[in-house]
Each structure stands twice: as C-alpha cells, then as structure tokens.
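One structure below.
This is a predicted model, so every value here is computed, not measured. Reminder, nothing fancy here: chain letters follow the sequence lines and each chain counts from 1.
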Number of protein chains: 2
Amino acid sequence: MQATGQCLSEATRRSVARPAIHPAPPDALVLLEQFGTTLSVKRDRQIYSQGDEAGCCYKIVSGCVRIVNFTKDGCRQIDQFLMAGDLLGFDALETHDFGSEAVTNVVLRCFPRRAVDKLAESNIALTRRLRDMTAISLRKAHARLIQLDRTSASERVARFLLDMTERLQASRRTVLDLPMSRSDIADHLGLTVETVCRVLAQLCREGAIAIDPADRSRITIRDDMALQQVTSEARH
Amino acid sequence: MQATGQCLSEATRRSVARPAIHPAPPDALVLLEQFGTTLSVKRDRQIYSQGDEAGCCYKIVSGCVRIVNFTKDGCRQIDQFLMAGDLLGFDALETHDFGSEAVTNVVLRCFPRRAVDKLAESNIALTRRLRDMTAISLRKAHARLIQLDRTSASERVARFLLDMTERLQASRRTVLDLPMSRSDIADHLGLTVETVCRVLAQLCREGAIAIDPADRSRITIRDDMALQQVTSEARH
DNA sequence: CGAGCACTTGAAAGATTTCAAGTCCAGTGG
DNA sequence: CCACTGGACTTGAAATCTTTCAAGTGCTCG
C-alpha cells in the first residue's frame, strides 16, 4: 500500500560508500534493466492513481513527477517531486497509497513488480538493496515530517528552493527552471498559493533570489547564504 | 540511519491476511526469539540516542517509549509513541536517526542486529518480512505527515485521543490512562502545551471527553462520534 | 512548609489563510 | 491580425488560528 519514490542519487551514493574490500560491487539494481520497458506520459496525465494495484516500479528517465494524495475533504497534497534518475514505486506494498502524475512530459522506464520480486527471491543482494532503499525513503519521509512541522512559510520555501537547486543541477547552480506551478509548490509545502507568492516576493525584495519577469518559473539564486539563513530561523 | 518503530499489531494483521493456501505460515519474526535478551529501562531514561550505532532491535514487552528528535535549534519533536507489543529499530540503517526514551518504566526484549541480519541472509521469508515492515513504517510516516500538515490543533488532538483509545485498549475502551505528559503530546502533535490544554478543555466543555480532576492523565471518552467529527473538520 | 513542576487559563501578538481584486500571458475565434 | 477569455500568478486587507507572554492552581518531594 505504498507509492512513493526515492532518489537514486542518494541510494547510489550509499552503495558506493559501502566498505569495499573487493572492487566496488555492481549495484544490484542494474539486474532489473533486462525487464525494463519504456513509457511516455504527457504533462498533467496520471501515471497511476491512489488505490491502484502496484503492478510496476519505475525509474524516471526524464521529466518531473509528483506524488499526490487527495484527502477525503478534497484537499490535494503533494508528497514529493521526483526528477530524472529517481525511482518510483519500489517501496509499494500491494497497492499504491498515493497517486502519481506527470508534472511535465515524462519518460519512464517501467519494471513489472512480479519480475522484481521473483528476482529478489533468488538474489539476496537485491533483496537487501530493496530493503535499504525503503529504509532510505522512510528516513526522507521523517526528514520531511520534521521540515514541515514547526517551520514557518519562509523556511519551507527557502529550503524548497535550495533542494531544487541541488536536484535540478541548475545551469551554473544558480538559475532554476522550476517545472512545477506555484500551486504545486503550495500543496507540497502545506501552504496556500498566495503565501508561496508572498514569500517569493519577499525573498526577491531581500535580494536572495530574482524571478524572471518574462518566465516566472525561472528563478535565479542570488544569495545562497541568505537562503540558508532563512532556513534556520527559529519561529514563533 | 533510522530509528523508528512500528506496530507489531499491524504487521501481524498483514501476515495473517496473506493468502494462505497452506496452513498459516509462522511469522518469520518468531525466529528471532532465540536471540532475545530482556532489558529494563526506568522512566525518562534513554534507550539509545540520536546518532548511536544501531546495534540492537527491540520489542516492547511493557510500558511506553517515545522516539525523539532534537532539531539544531534545540526543539524537541516526538516522532511517535510505542506501546507494549510494538517493535523498535528494525528499520534502522547503520545508526539511529532519532533517539528513544522511556516514557514510563519499560521492559524490552532486545535482539542484536548482527544476529538478525545473519539470519535474514539465509532466510528469504524473514528478509521479505523485514522489508515489508519497513514499508509499513514508511506508510505510517506518510500518514502522519498528512495528519500533521494542514490540520488544525483540535483535529490533531482528537485524532491523537482516538488513536490512543485503540492502542491502549482502554478498560472499557472509554477510559484512557495516557502514559505521556501534556508536553509530550504537544511535541508529538507539533503544538504548544498551552494549545493542547486549551483543546482538551474545549473538548471537555463540548462533552466529548472528561478529564479526571484528581488525575489529569486519565481521560474518559464520552462521545466517540463527536471526536471523529472534530477529526474531519476542514480548516482555514 | 516551601520549591519545583505539570498543568491550566487569559490576553495580546504574530503568522497564515481567506476573500477580493487586479495583472499578465497564451490560446481562441472572429 | 487583434480582441477576448481563462488560467496562473500577484497583491492587499480582514479574519482566524496558534503562539507567546503572564499569571495562577494544585500536587509531590525534600
């Protein structure tokens, strides 16, 4: 019953950091590649929806994906955004708790869960790898929990921008082309669109960032340090 | 790098629900029992702290445990409370992300991780079980994320009380003896102690609950339905 | 008996949301 | 080609909620 993804980059880093007496062992995940098929999804289309049987795992080849949850009162929440290289659905149980949608046009590599599970049964390294990946996701979920709880709107937005700078590998690490809308950001950070706008405007005024007036999704990080500082301001 | 627990009850339910063509398979976790040693921890003492190497997994025999995290600005957050029967530390990576403390006097069954990992290497059922348990923890972390984000103080407190009613198996499911203090609850729900008090007082006035004036940690659920309703009120 | 601590309650301050209105841009149809 | 409509975004002002600050109660432990 789970449908969240994790950063391959982080997962990979971990496997590389593993004490290597022998030459670095090949990542158990490459074994999956033989089962992969390619899939394209257009912008704003669903990849799977909340409650669907978890038939596949995915790796994002290009584009941006959002993991969404609709509460019974019709409120949308975005659990996370996934970018090229990130993995999706590997920590699912039988069905997907959350849905998943394409933020931009997306290309996916798709792996049938049956094949993954079958392979894992005979390959202890892969099984272990899958477990560790889930543990890493869990850790990230907790990090997010801590981030959201007890942090002000500015802290959330500043941290979001810094995260995106890292993950989007912006041209010179300063110009961000955010693939998601303001309301996506709002639903991700647990704020309203208006608050997100106001905070961005405020950061502009303070000179920490600049918003391209012609394309508002293009944001320049002017003062990395100022953002970091906003991130760690005590609240209330 | 993880240090959170999960409910055995939920995990068990799942393994029971597993399609059983053969007579229900014994829970792979009972295999661990042979390695178990018993450990007592006094009230308010640490079981392990943030950053400790994750040397052991635990099962709580009796008492209540809190999983705590201290942010760099000195704020305490309680990720979750664990009760008798719950498991602790099984989804850890190398070290514990969060610390763990005894809320009441606690008795634990302690399993060395080396033994667990060793056993898992030769027992695919156990490995799979550990992975599923981690996935279940992840699911719960997400549930909590959703609960905290975008919910009002009354919703949080009401949901907390309902959860506790279930988990503490109160005498006639109506009288709760909360093992944790108001400030524990506050740090768990991301509120201040004052807000928790005020919401409890409010629920009292509305007749949903009653607080024993002689022992304020004893709370009677007077109107289950009213609490459920508070839980699902839209906010803001 | 006094100190300390957990808990409670009140009032003011602060933050974010809600409501309302306006701007800008892209795509559409005349 | 241009006006027009809708949607995303922005901004202002009032309303709402929670926190912060302050003070008081009651109980437990020396």
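Taking only distance into account, the side chain of Arg216(B) never meets the base of dG26(D) through a donor-acceptor pair shorter than 3.5 Å. Donor-acceptor pairing under 3.5 Å, judged by distance alone, is present between the side chain of Arg198(A) and the base of dT18(C).
In this structure, Glu194(B) places its CD atom 17 Å from P of dC5(C), rounding to the nearest Å. The interatomic distance linking Asp212(A) (CG) with dC9(D) (P) rounds to 14 Å, in whole Å. Straight-line distance from the CD1 atom of Ile185(B) to the P atom of dT8(C): 9 Å, rounded to whole Å. Between Glu155(A) atom CD and dG14(C) atom C1' the separation is 15 Å, expressed in whole Å. As a whole-Å value, the separation of Ile211(A) CD1 from dA8(D) P is 17 Å. Rounded to whole Å, atom C1' of dT28(D) lies 13 Å from atom CG of Asp215(B). Gln202(B) has its CD atom 14 Å from the P atom of dT8(C), to the nearest Å. We find that CZ of Arg156(A) is positioned 13 Å from C1' of dT17(C), with the value rounded to whole Å.
OP1 or OP2 of dT18(D) has not a single side-chain nitrogen or oxygen of Thr192(B) nearer than 4.0 Å. A close approach under 4.0 Å does occur between a side-chain nitrogen or oxygen of Arg182(B) and OP1 or OP2 of dT8(C).
Side-chain contact check for Met180(A) versus His188(A): every heavy-atom pair is 4.5 Å or farther apart. Cys57(A) places a side-chain heavy atom less than 4.5 Å from the side chain of Arg113(A). Side-chain contact check for Leu200(A) versus Leu161(A): some heavy-atom pair is nearer than 4.5 Å.
Between Phe98(A) and His142(B), the angle of the ring planes goes over 60°, which puts this pair in the perpendicular group of the 30/60° scheme.
Checking dT10(D), dT18(D), dT8(C) against every side-chain atom of Cys197(B), the shortest atom distance belongs to dT8(C). Residue Ser181(A) places its side chain closer to dC9(D) than to any other of dT8(C), dC9(D), dT16(C).
Mapping Thr195(A) and Pro213(A) onto DNA chain C via the closest heavy atom, the residue that lands nearer the 5' end is Thr195(A).
Across all strands shown, Leu200(B) has no heavy atoms under 4.0 Å from either base or sugar-phosphate atoms.
Considering Asp79(A), Asp86(A), Asp184(A) in turn, Asp184(A) is the only one that fulfils the salt bridge (Lys or Arg N to Asp or Glu O under 4.0 Å) rule with Arg66(A).
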